[in-house]
Amino acid sequence: MSGFLAGLCVAVLPLLAAGFWLGRRTARPENLGGLGTPVEHATFETLHTASLAAPPLRAGLTGETARKSARRLRTLLGTDALCLTDQDTVLAWDGLGEHHRTEIMERLGSLLETGRGEAFRLKCDEPDCSLRWAVVAPLTVDDRVHGALVACAPRESAVLVRAAGEVARWVSVQLELADLDQSRTRLIEAEIKALRAQISPHFIFNSLAVIASFVRTDPERARELLLEFADFTRYSFRRHGDFTTLADELHAIDHYLALVRARFGDRLSVTLQIAPEVLPVALPFLCLQPLVENAVKHGLEGKTDKSHISITAQDAGAEALVVIEDNGTGMDPDRLRRILAGEVSPSGGIGLSNVDDRLRQVYGDEYGLVIETAVGAGMKITARLPKYQPGVHSAGPLPRE
């Protein structure tokens with residue numbers, strides 16, 4: 001997070017400098033509606049325009065995002081025309097002189113190879129065209145040139161060359177952040193696939209075996225369990241959205257526990273205390289079910305007496321507090337630490353470390369799992385979920401097939 005903030009500061013500084021220069025250049029003594037001095041007014045306008053241009057760029061460099069941001073970027077530079085390109089074509093053109101598209105792309109070859117900006121005179125036979133110079137600045141991500149920002153003006157200007165370079169640098173930072181967002185999404189998808197792969201084949205086999213055992217003795221019970229199994233597997237292997245609601249996750253857990261109780265009968269008891277106001281809270285998909293599966297595994301293995309699992313979800317102001325507790329065999333705290341650190345990968349351990357990692361990635365390090373355990377003392381897992389987090393939105397109800 002600190003690296004992100006540092007990068008953000010680096011991205012904003014060129015814009016502040018551009019706003020300062022613009023304010024000094026256009027300073028007038030009259031009152032500016034309470035916004036302060038001309039320099040302060042220009043700085044505000046610069047940052048406001050940049051804030052409007054940034055969201056499309058955070059989705060990457062495409063024709064659509066280029067069209068949405070080009071006008072704002074042209075406003076930042078105050079030029080007659082501006083275009084954004086990738087390595088092959090002009091993605092968006094805003095302003096005058098769009099007939100210069102082909103000429104500009106023909107001149108981009110050296111920039112794409114060297115990554116160095118340049119200014120050159122435009123050739124034009126149009127009598128009404130006022131554009132005479134173009135300034136090209138590279139757009140780079142991880143030291144690779146992905147495209148260019150091109151500003152066109154009636155005359156050559158050293159100030160425009162510098163300003164275009166600074167704005168292109170800011171755009172490049174937005175594209176790098178977009179690349180990080182996409183990398184995080186791919187990582188989350190990979191981790192969800194890992195969790196799906198950990199849905200125990202033994203659990204599937206045992207569930208089907210239990211259902212089969214009821215087919216002759218209690219067909220209605222077999223039908224109910226088969227529906228529970230279908231709903232649980234359907235939810236676990238859904239393919240839309242990285243996030244779900246607490247209500248949907250608890251509903252899937254209920255299906256899972258119905259199958260477990262059918263197998264173990266009176267050996268397992270479960271209590272739930274759920275505050276209705278936290279049910280709409282969004283959270284990472286398949287975030288709580290692995291914790292309940294861990295509680296079942298450690299609550300039942302090695303025990304002959306009854307096991308108990310409690311699941312509570314409480315309203316804690318700006319957060320939802322979810323606690324999953326069992327009275328099972330527990331775990332050595334040092335071993336648990338090594339599991340969460342990824343130093344060991346015992347059977348079932350990936351669930352805890354996976355969930356802990358994803359919570360930290362989505363909400364920050366302060367939102368990792370809090371686990372209390374000792375050998376023979378059971379386990380208590382606490383997860384804090386912010387009720388609101390930018391970018392965390394449920395994909396909505398699972399569509400029926």
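Worth knowing before you read on, the calculation uses all heavy atoms, side chains too, and leaves out hydrogens, waters and symmetry mates. Quick caveat, the model's predicted, so the values are computed rather than measured.
The side-chain contact (heavy atoms from CB on, under 4.5 Å) with His308 is formed by just one residue from the set Thr271, Asp326, Val270; it is Thr271.
In this structure a side-chain-to-backbone donor-acceptor pair under 3.5 Å is present from Thr373 to Gly378. Listed for the Gln289 side chain is no donor-acceptor partner under 3.5 Å among the backbone atoms of Glu249. Under the 3.5 Å distance criterion, the side-chain polar atoms of Arg358 are matched with a main-chain donor or acceptor of Phe285.
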Give the table of side-chain donor-acceptor pairs shorter than 3.5 Å for residues 153-164, with sequence neighbours excluded, one pair per line with atom names and distance.
| residue | atom | partner | partner atom | Å |
| --- | --- | --- | --- | --- |
| Ser157 | OG | Val159 | N | 3.3 |
| Ser157 | OG | Leu160 | N | 3.2 |
| Arg162 | NE | Glu166 | OE2 | 3.3 |

Quiz: residues 311-325 side-chain donor-acceptor pairs under 3.5 angstrom, not counting sequence neighbours:
| residue | atom | partner | partner atom | Å |
| --- | --- | --- | --- | --- |
| Asp315 | OD1 | Gly317 | N | 3.2 |
| Asp315 | OD1 | Lys387 | NZ | 2.6 |
| Asp315 | OD2 | Lys387 | NZ | 3.3 |
| Glu319 | OE1 | Arg384 | NE | 3.2 |
| Glu319 | OE2 | Tyr367 | OH | 2.8 |
| Glu319 | OE2 | Arg384 | NH2 | 3.0 |

Which atom pairs, one a donor and one an acceptor, fall under 3.5 Å between side chains of residues 214-229 and the rest of the protein, sequence neighbours left out?
| residue | atom | partner | partner atom | Å |
| --- | --- | --- | --- | --- |
| Thr217 | OG1 | Ser213 | O | 3.3 |
| Asp218 | OD1 | Arg221 | N | 3.2 |
| Glu228 | OE1 | His255 | ND1 | 2.4 |

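With sequence neighbours excluded, no residue forms a side-chain hydrogen bond (donor to acceptor under 3.5 Å, both in side chains) with Thr75. With sequence neighbours left out, the side-chain hydrogen bond (donor to acceptor under 3.5 Å, both in side chains) criterion links Ser310 to no other residue. Scanning for ring pair (Phe, Tyr, Trp, His ring centres under 6.0 Å) contacts around Phe264 gives an empty result, with sequence neighbours left out. Considering only residues two or more places apart in sequence or on other chains, Ala275 meets the side-chain contact (heavy atoms from CB on, under 4.5 Å) condition with Glu277, Val278. Legend: residues meeting side-chain hydrogen bond (donor to acceptor under 3.5 Å, both in side chains) with Thr89, ordered by chain and number and at least two apart, are absent. With sequence neighbours left out, the ring pair (Phe, Tyr, Trp, His ring centres under 6.0 Å) criterion links His146 to no other residue. Under the side-chain hydrogen bond (donor to acceptor under 3.5 Å, both in side chains) criterion, Glu372 pairs with no residue, sequence neighbours left out.
When all heavy atoms are compared, the tightest approach of Thr245 to Pro280 is CG2-O, 4.1 Å.
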### Task
Apply the test salt bridge (Lys or Arg N to Asp or Glu O under 4.0 Å) to residues Asp357 and Arg360: give CA-CA distance (whole Å), side-chain angles for both, the deciding distance (0.1 Å), then the verdict.
CA-CA 5 Å; Asp357 287 343; Arg360 293 175 187 274; 5.5 Å; no
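For residues 74-90, the salt bridge (charged side-chain N to carboxylate O under 4.0 Å, His left out) pairs, not counting sequence neighbours, are Arg74-Asp94. Counting only residues at least two apart or in different chains, side chain to side chain donor-acceptor pair (under 3.5 Å) contacts with residues 98-108 comprise Glu98-Arg101, His100-Glu103.
One finds a salt bridge joining Glu64 and Lys68 here, because a Lys/Arg side-chain nitrogen approaches an Asp/Glu carboxylate oxygen to under 4.0 Å.
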